[in-house]
Number of protein chains: 2
Amino acid sequence: MAMPKKTKNTKKTSPALQERSSRKTIIDVAKCAGVHWSTVSRGLNPEKRHLISPEMIERVEACAKKLGYRANAMASALRTQRSRTVGVIISNLGDPVHPPIVRAIEDRFAEIGYVTIVGNTDNHPLRQAALIDRFIQQGVEGLIVATFERNDPGIAACVEANIPVVAVFRDPESEFIPSVRVDDAKAMELAVHHLAECGHRQIAHVGGPQNVSTGYHRYRGFRRACKVLAQDGVAPTAVFGEAFTVEEGEFACERLLTENPNITAIVAGNDMLAVGCLRHLRNKGISCPGNISLVGMNDMLFMDAIAPALTTISTPTAELGTQASHILIAMIKGTPVQNDRIVLKPVLLARDSVAAIKLPTRTRSSDLSDAAKREVRIRHRQS
Amino acid sequence: MAMPKKTKNTKKTSPALQERSSRKTIIDVAKCAGVHWSTVSRGLNPEKRHLISPEMIERVEACAKKLGYRANAMASALRTQRSRTVGVIISNLGDPVHPPIVRAIEDRFAEIGYVTIVGNTDNHPLRQAALIDRFIQQGVEGLIVATFERNDPGIAACVEANIPVVAVFRDPESEFIPSVRVDDAKAMELAVHHLAECGHRQIAHVGGPQNVSTGYHRYRGFRRACKVLAQDGVAPTAVFGEAFTVEEGEFACERLLTENPNITAIVAGNDMLAVGCLRHLRNKGISCPGNISLVGMNDMLFMDAIAPALTTISTPTAELGTQASHILIAMIKGTPVQNDRIVLKPVLLARDSVAAIKLPTRTRSSDLSDAAKREVRIRHRQS
DNA sequence: CATTCCCGTGCACACGTTTGTCAAGAAACT
DNA sequence: AGTTTCTTGACAAACGTGTGCACGGGAATG
């Protein structure tokens, strides 16, 4: 056979590869400009551009634009080991609390030319594990995780893979993981104090799952606040939903009211649960705030438009995402991060779902209102 | 053997590269299993696995697991020209219509091992262009875009780059771009007919921007429906917001009512605009539905919980995302796609923001209710 | 004018995979 | 037993880019 043994540049590549080869490479640009492609690489890279003469840069850029050249991010990532990609893991984009967080993260990383990939776990631990795996495999430079449970085993996989991770919205209670969250316990204290000020004494908590830090800390904050006010006759009760959903709130509220028909106020662990409570109350013909007052948490979108406008604790979701991004960016750059345990302050938004009731005997709301009152802003959402 | 002349694998790589080198490669696995790395590659690749003996596969897999090997997606993508990545472009994740769409897309692509990257444009055309550019550069295999305007120039960049694109939620009016959307005109017809049935004759449209297909088609549908019912005395009016936001709805509603104080019903182009209208009405002390009835569109989350519960046209957002994903997956695989112009049916959800008013003279609601009535489902959201 | 220095460019290797080709060994058939 | 067929693993060439190193030429200096 007359075939030479060195048949390198023949059509060895599979047909599938050729199809998309319309994409221009650095070599095409070099050919167009009549220079070596390494020169093109430097001319197009802002950090190495100073090595190249200005007119050469101009020539290269002109050719690149003419050919519609776009650098191949995969090749670049492979060579530099930097994918310019971060991952965000949440339980469910459909939950209105998450989109603002993700939005803020995407914004911050877009600013530095990074791309954001998202994944939903629906609170399945193994789906979370699979997601983290896929993202690491994909080469993410960092991860922002909103689904960590307390002492989550999934954390191990991340630190083992030596990839920067920050927890947002939850407290992983791990010394290795920076976190950004709101002061959940404080939030519940605000709610309880507000209700006590309004004369409520039989206060119940409709909480979320206790294996996630938000549910746990909020319940603790609720109990602590009640204990502080025990001298005033504040008596706590609590039921828990299996998840932070409207349905679970509805069920939990039903259980609560059958077991404790005499409560006058509910602190929900979440606006979702609060909406569930509201639905149950409406179904049973119980007036809110006429018969029972209700406080939610997070101030999700439209919580000021529902009936009754929900008194709730606002959570700065966008700020959460922004702060988490700042930390992660610092970690990626290798910059030392000064404060990696950020706890934001919650604010009570007094609206229409809480009513004052007549105090039974002595009135001593004055001394407990002192500290609490400063935290309260009576305002409706403007934006 | 003492020092071969081949000293290639010396420490030539920059220190930055070495840091992360804790990551195991296919070579580590091969060394562990005592075979050539090509064998490892095939043993781990389901499609080529049949070329390898079962016990060898087992050995390779054991080593891979032992070392915690994760294939480098970037290298794989570079070699195969397939990144297993898709991009989703929306205007704003903070708009409650979008998250369910994105969620559905992420789900569908996760099923086939793909990763989803998202980007927000805030309706800036150049930000959209930049985003498309970044995504293509990133090597996405396909794009789902929810921000195309009518005859959007950004489409050109996509088809030129020879990358599959499908438009969702909007109609790009381009022959090259498959699309999945709801029948906007039909939706407005449902609304107008419903109002007419309830006795309304002075019906106004608070519409969105006319350069986006949704705003445009909804206005056209509104006008068409009014024209059909002109014999019954239905008179149309219209004002437009600059964007689909609550604020724009508020302003538009104000303009509408100062210019046309005698209207009795409003068809909003969007639930956001509807909520804006509601806010203006409340501020002015105008009762809804007492004085003015209101119909929204999309049935965003909590639209059944606001006051009054909003009568609106439901949009199957998740279905939108799912259908778009199916089309895009087919395009990526190269499978011919049978129907690439999907138009889903809207459904009217009658709730509390529409009230019947006494008809002025002759009552002939019977004949126009025949066709319309079948489309109406009186139900409140269950989930 | 000769030497030194520096600036700009070209060369070649490496990043970690996938995959066409091929040689060697086992099995099966004549 | 010899030959063919089949199985299995090894080899090496890419994918497109970044970057250390070497080299060439012009300017500056003695």
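In what follows, every chain begins at residue 1, and chains take the letters A, B, ... in the order their sequences are listed.
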Nucleotides 23-28 of chain C: which of its N/O atoms have a protein N/O under 3.5 Å away?
none

* Identify, with sequence neighbours excluded, every residue that meets side chain to side chain donor-acceptor pair (under 3.5 Å) alongside T322(B). => R108(B)
* To do: Please list, chain by chain and in numerical order, all residues satisfying side chain to side chain contact (heavy atoms under 4.5 Å, CB included) with P178(A), sequence neighbours excluded.
  => V166(A), I327(A), M331(A), D340(A)
* Asked: How long is the line joining CG of N45(A) and C1' of dG16(D), in whole Å?
  -> 14 Å
* **Qualifying salt bridge (charged side-chain N to carboxylate O under 4.0 Å, His left out) pairs with a residue from residues 55-70 of chain A, counting only residues at least two apart or across chains** => R49(A)-E61(A), R70(A)-D133(B)
* To do: Please list residues of residues 35-43 of chain B whose heavy atoms come under 4.0 Å from any atom in DNA chain D, ordered by number; otherwise none.
  => V35(B), H36(B), W37(B), S38(B), T39(B), R42(B)
* **Residue list, side chain to side chain contact (heavy atoms under 4.5 Å, CB included) with L67(A), at least two apart or on another chain** => K24(A), D28(A), V29(A), C32(A)
* What pairs meet the salt bridge (charged side-chain N to carboxylate O under 4.0 Å, His left out) rule with one or both residues in residues 323-338 of chain B, with sequence neighbours excluded? -> none
* **Interatomic distance, I27(B) CD1 vs dA14(C) C1' [rounded to whole Å]** => 11 Å
* Check whether any side-chain nitrogen or oxygen of Y69(A) sits under 4.0 Å from OP1 or OP2 of dG16(D), and answer yes or no. => no
* Relative to each other, are the rings of F169(B) and H98(B) parallel, tilted or perpendicular (30° and 60° limits)? -> perpendicular
* **Under the side chain to side chain donor-acceptor pair (under 3.5 Å) test, residues paired with R84(A) that sit two or more places apart** => none
* Asked: How bent is the helix from dC1(C)-dG30(D) to dT30(C)-dA1(D), comparing axes over its five end pairs at each side, to the nearest 10°?
  -> 50°
* Expected output: side-chain D152(A) to main-chain G154(A) donor-acceptor under 3.5 Å -> yes
* Asked: Rounded to the Å, how far apart are K48(B) NZ and dT17(C) C1'?
  -> 13 Å
* Considering non-hydrogen atoms only, spot the tightest contact between P172(B) and I155(B) and give its length. => CB-CD1, 3.7 Å
* **Separation of atom CD1 in I26(A) from atom P in dG10(C), rounded to whole Å** => 12 Å
* With sequence neighbours excluded, residues passing side chain to side chain donor-acceptor pair (under 3.5 Å) with Q338(B) -> none
* Phosphate contact (dG16(C) OP1 or OP2) by Q81(A) side-chain N/O below 4.0 Å -> yes
* Find the distance R79(B):CZ to dA12(D):P and express it as a whole number of Å. => 16 Å
* Test item: R341(B) and N339(B) side chains (from C-beta on) under 4.5 Å apart, heavy atoms -> yes
* To do: Indicate the atoms forming the closest heavy-atom contact of F109(B) with T116(B), along with that distance.
  => CB-OG1, 4.1 Å
* What pair of heavy atoms forms the shortest contact from F148(B) to I132(B), and how long is it? -> CE2-CD1, 4.5 Å
* Asked: For DNA chain D, what residues of residues 50-65 of chain B have any heavy atom nearer than 4.0 Å?
  -> I52(B), S53(B), M56(B)
* Structure fact -> To the nearest angstrom, the CZ-P distance between R49(A) and dT9(C) comes to 14 Å
* To do: Please state how far atom CG in L78(A) lies from atom P in dC15(D), giving the value in whole angstrom units.
  => 14 Å
* Which is true for A77(B) with a 4.0 Å heavy-atom rule: it touches a base, it touches only sugar-phosphate, or it touches nothing? -> nothing
* Structure fact -> Taken in chain and number order and not counting sequence neighbours, the residues that satisfy side chain to side chain donor-acceptor pair (under 3.5 Å) with H36(A) are S38(A)
* In whole Å, what is the span from the CZ atom of R84(A) to the C1' atom of dG18(D)? -> 13 Å
